[in-house]
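Computed from heavy atoms alone, side chains included, the values below leave out hydrogens, waters and symmetry copies. One-based numbering, in listed order, for ligands and for the atoms of each. Small disclaimer: the values here were computed from a predicted structure and weren't measured.
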Amino acid sequence: MIPSSEDPSRPAADIGAGGKQSSFRTELDRQRYTAVNEDWAGGVPAQYGVAPRVRIGQSKWFNLLWLIPIGFLLLLVAVAVATGIRGLPAVQDFMHRYPGISELPGDAPVGFPAWVGWQHFLNMFFMLFIIRSGITILADHPRLYWTRHSTPGKDWFRVQKPVPANPLYTAKEDSITLPDGVGLPGRRHSIGLARWWHLGVDTLWLANGIVFFILLFTTGQWMRLVPLHWDVIPNAISVAIQYLSLDWPVESGWINYNSLQLIAYFITVFIAAPIALVSGLGMSPALSTRFRRISSIFSIQVARSLHFMVLCWFVMFIVIHIALVLTTGVLQNLNHMFASQSTGSWAGFWIFALAMVVLIAAWVVATPVTYKHPRVVQKVGFALIGPAQRLFEHIDAKPGQYTEKDISPYFWHNGNYPDTEEYKELLAGNFTNYKLRVNGLVENPVELDLAQLRALDRHEQITQHFCIQGWSGVAKWGGVSMQTILDMVRPNPEAKWVIFYSFALGPEGGLYYDAQAIEQMGRRLTMVAYDMNDAPLSFGHGAPLRLRNEAELGFKMVKWIKGIEFVENFADIGGGLGGYNNDHEFFGYRQSI
Ligand SMILES: Nc1nc2c(c(=O)[nH]1)N[C@H]1C(S)=C(S)[C@@H](COP(=O)(O)O)O[C@H]1N2
Ligand SMILES: [Mo]
């Protein structure tokens, strides 16, 4: 679509001295990046984090690596205690009463059908990508909090140094690099790609999980995964004593798991996996703004912390699970899960070996393939999760969730600060010469200075900001509702997207910009803000004007706005993918999750 500025039939009055009709699209970088190489995203240098630390009290930090020797010591003590008490008559008596297995109902199935093997394999395959990309997402804001304020020093967990004193320190500067074999991908601030992996594969994992639940309950296999009697608890204690005293229980997994195993599987399938899903969704700006009551307690940071704990559970589970599979009759165990038979043959082993080849190959190529074909990762990821993201965009929440007392004491900064001559002059002149240009497919293009903007109906909202990197904060925004702007400029029916142009350049040159769906512009929480917390917007937070669209992640909320253009589609704008971060860093244009 050609911008209407080139339409000669437009009345001359619309082409003001400032070029009311002309588009800022000529100032965009038109390049669309197709590979992740050394200069990608402005060549962000690698930066490594620190060993994981947990805060104790006000400001003491405990290095979690200490858990390795401490855990080993505790294990030795536990082994000594278990061995010591096992011979006691009372303990003998207890173990005789609770040998370690809880009776199954008479109609419980025996053995594993082939679908269990397939489901188990697919689950493990999907988890590989989910866990690795999840770690990359964490590395983009390597801190966890219990409140939505994300205040430096109030993090309870970090794998990064304390936040430096520089008031303009950005969340991007805080991100860390991972080894490419651990993160997916490992490159610093590759969260755009990591999220396509994470959310895309999540949909497959979820579909696999739904099939699993349906089959579990239609075949009766659920009875083998759900504790049906309280005696699983003493039985599990008995099993623990048996393992720790190094005289292990007899395996009968083909028929009935021992109680400790049963509890571990039950937690994994029926507690950890659902928490992973719910806490994942708890980080969505669209859902959180809509389900205000739930999200004021179950805030994004609680969700993110829980999501991390689920990760820890899964990793611990996987390590112990593999160790036990290997040490409790490996051939037999592999036959159960990989060949659906209870024999001592090598059949299960060979199928397992093949599965491992597939898994290891996938592990090795995942990051290099992502660097080589990032657009494919972006497209496939979007095909998988896009429909859900689009669905959530229909949400139109009301202001009023938060009050003045919820305002965050610290609000992170992010992005590339503007340092063009044009902006510096405006800043020096306190924006008296500032003009916001609103044009494109509208009946009445306008140019508004700050006094004119302030004279329009004032709109205020106290809302929570969700950065894609994971930090959040609450602030009070004052400005003009986008509905007021829509009423003034009257978009044509062909206008489908609204482009916000910034004074600031992105890290690789060209103006920062972002495309917003027009349906979202009339929402109650979409506005352009000139005030933040009752003061004029600061330089760092986007002076003189920024966007707020509370159903989306922070990167879509353009700061230092100089123009707004209504267009039919964004294929001709910049790199053509709907935003600076999409063209350059493989983000998406719908980011309501
Ligand atoms: N022009 C411009 N706007 C931008 C960015 C940017 O880099 N350039 N970063 C975005 C990102 S990633 C976030 S999270 C928010 C951060 O806003 P804040 O600095 O006020 O917290 O601004 C968004 N707007
Ligand atoms: Mo962000």
**Student:** Taking the six-membered ring of W61, is the NZ or CZ of R158 close enough (under 6.0 Å from the centre) and on axis enough (within 45°)?
**Tutor:** yes

**Student:** Could you check if a side-chain atom of D174 sits within less than 4.5 angstrom of a side-chain atom of W412, using non-hydrogen atoms only?
**Tutor:** yes

**Student:** Heavy-atom distances under 4.0 Å are what count here, so tell me which part of W412 touches ligand 1: side chain, backbone, both or neither.
**Tutor:** backbone

**Student:** Taking a cutoff of less than 4.0 Å between a non-hydrogen atom of the residue and any ligand atom, is R546 in contact with ligand 1?
**Tutor:** yes

**Student:** Relative to ligand 1, is Q469 under 4.0 angstrom through side chain, backbone, both or neither, heavy atoms considered?
**Tutor:** neither

**Student:** Any ion pair linking E393 and R390 (charged N to carboxylate O, less than 4.0 Å)?
**Tutor:** no

**Student:** Heavy-atom pairs closer than 4.0 Å: do any link ligand 1 to the side chain of M557, the backbone, both, or neither?
**Tutor:** backbone

**Student:** Among Y513, F555, W497, Y580, which one satisfies ring pair (Phe, Tyr, Trp, His ring centres under 6.0 Å) with Y589?
**Tutor:** W497

**Student:** Would you please determine whether M532 falls within less than 4.0 Å of ligand 1 on a heavy-atom basis?
**Tutor:** no

**Student:** To the closest 0.5 Å, what do you measure between CE (M527) and NE2 (H459)?
**Tutor:** 5.0 Å

**Student:** Tell me which one of F411, Y513, F503, F555 gets a heavy atom nearest to atom 10 (C) of ligand 1.
**Tutor:** F555

**Student:** How does W471 reach ligand 1, by side chain, by backbone, by both or by neither, if only non-hydrogen atoms under 4.0 Å count?
**Tutor:** side chain

**Student:** Please answer whether the main-chain N or O of I137 pairs with a side-chain N or O of D140 as donor and acceptor at a distance below 3.5 Å.
**Tutor:** no

